[in-house]
Amino acid sequence: YKGEINDHAIQNASCPPWKNCSVHVEGFSPYESRKEMLSIARHARVAALNRNDPHPPRFPMAASGFTFFDRTSAQNFMQLGLLGMVSAHGYPLTFRWNKNKVRPATREEYRQSRTLLIEGPGKMISREKILNILADNLTLNLVDSEEIYVENERTLIRLEFIQVRIQSDK
């Protein structure tokens, strides 16, 4: 284990297999982005995505761990994958339960989102300013971002992160 040992990691380590909400998917193109990987899981909210880069010759394709908020969503995703109903750019994908088990989200965690929306006066905020402020204090793993101009000279910034849980402090 290369991550932090905290309450979240300890709770997941004791997660029984029948409660596991994490699915491991192999067979992505080496060039597949996190955004493209997330696009195959449209049926339910994804709490976190963990991308594994290819390591040829043994692992020539990329893989990813999809963590869902609840077991039912993970089971539905797994079932679609096992039935061959999910592919990525024509590549066949292999689905199995992730060996790194993740427990279902708590009620408080279930209300959280990987997407942050910030609205303000267009003259004062921008995507770059917000990212610079956040990057001063956090390690950001951004999947996608968008700057939308709305009425009355206001701007809406949408930031989509790789996981719900906050990234580590710098």
Exercise. When you look at Phe59 and Asn52, which way does the side-chain contact (heavy atoms from CB on, under 4.5 Å) test go after all the steps?
Worked result: CA-CA 10 Å; Phe59 301 108; Asn52 302 103; over 6 Å; no

For this session: Look up atom CZ in Arg127 and atom CD1 in Ile148, then write down how far apart they are to the nearest 0.5 Å.
Result: 12.5 Å

Seminar exercise, completed: Tightest non-hydrogen contact, residues Gln163 and Arg114, listed as C-CG, 3.6 Å

Exercise. Between Asn20 and Val102, is there a donor-acceptor pair closer than 3.5 Å when you use the side chain of the first and the backbone of the second?
Worked result: yes

Exercise. Nearest heavy-atom pair of Glu119 and Ile125: which atoms, and what distance?
Worked result: C-CD1, 3.9 Å

Exercise. Would you say Asp70's side chain and Thr72's backbone share a donor-acceptor pair under 3.5 angstrom?
Worked result: yes

Exercise. side-chain contact (heavy atoms from CB on, under 4.5 Å) between Asn98 and Val23: does it pass, once the steps are laid out?
Worked result: CA-CA 5 Å; Asn98 199 329; Val23 177; 6.0 Å; no

For this session: Kindly compute the distance separating CG (Asn100) from OG (Ser22), expressed to the nearest 0.5 Å.
Result: 7.0 Å

For this session: Check side-chain hydrogen bond (donor to acceptor under 3.5 Å, both in side chains) between Glu146 and all other residues, then give those that pass, not counting sequence neighbours.
Result: Arg158

Exercise. How about Asn50 and Phe66: do any of their side-chain heavy atoms sit closer than 4.5 Å?
Worked result: no

Problem set entry | Spatial distance of atom CG (Leu117) from atom OG1 (Thr115) [nearest 0.5 Å] | 7.0 Å

For this session: Would you please classify the geometry between the Phe95 ring and the Phe77 ring as parallel, tilted or perpendicular, with 30° and 60° separating the classes?
Result: perpendicular

Exercise. Given the rule in the side-chain contact (heavy atoms from CB on, under 4.5 Å) test, do Thr67 and Leu49 qualify, once you have shown the distances and angles that lead to the verdict?
Worked result: CA-CA 6 Å; Thr67 300; Leu49 177 83; over 6 Å; no

Problem set entry | Distance, nearest 0.5 Å, that separates CD of Glu32 from NE2 of His89 | 4.0 Å

Exercise. When rounded to the nearest 0.5 angstrom, what distance separates CD in Glu147 from CD1 in Ile118?
Worked result: 11.0 Å

Exercise. With sequence neighbours left out, what residues match Tyr31 under side-chain hydrogen bond (donor to acceptor under 3.5 Å, both in side chains)?
Worked result: none

For this session: Calculate, to the nearest 0.5 Å, the distance between atoms CG and CG belonging to Leu159 and Leu131 respectively.
Result: 5.5 Å

Problem set entry | side-chain hydrogen bond (donor to acceptor under 3.5 Å, both in side chains) involving Arg71 - partner list, sequence neighbours excluded | none

For this session: For residues Lys19 and Pro104, report the shortest heavy-atom separation together with the two atoms involved.
Result: O-CD, 3.4 Å

Exercise. Nearest heavy-atom pair of Arg51 and Ser29: which atoms, and what distance?
Worked result: NH2-O, 4.1 Å

Exercise. Do Gln75 and Trp97 come within less than 4.5 Å of each other through their side chains, counting heavy atoms only?
Worked result: yes

For this session: Would you name the heavy atoms of Tyr110 and Ala105 that are closest together and state the gap between them?
Result: N-CB, 4.1 Å

For this session: Verify, without hydrogens or angle tests, whether Asn12 (side chain) and Arg103 (backbone) share a donor-acceptor contact under 3.5 angstrom.
Result: yes

Problem set entry | N/O donor-acceptor pair under 3.5 Å between Arg154 side chain and Glu151 backbone | no

Exercise. Is Leu80 linked to Phe28 within one hydrophobic cluster, defined over Ile, Leu, Val, Met, Phe, Trp and Tyr using a side-chain heavy-atom separation of less than 4.5 Å?
Worked result: yes

Exercise. Regarding Arg34 and the six-membered ring of Phe161, is the cationic atom NZ or CZ under 6.0 Å from the ring centre and inside 45° of its axis?
Worked result: no

For this session: Return the minimal non-hydrogen interatomic distance between Arg45 and Phe68, and the atom names on each side.
Result: O-CD2, 3.5 Å

For this session: Side-chain contact test, heavy atoms from C-beta onward, threshold under 4.5 Å: evaluate it for Lys35 versus Glu160 and give yes or no.
Result: no

Exercise. Any chain of hydrophobic side-chain contacts (each under 4.5 Å) joining Ile40 to Met85?
Worked result: yes

For this session: Could you tell me whether a side-chain N or O of Ser64 sits under 3.5 Å from a main-chain N or O of Val25, the two making a donor and an acceptor?
Result: no

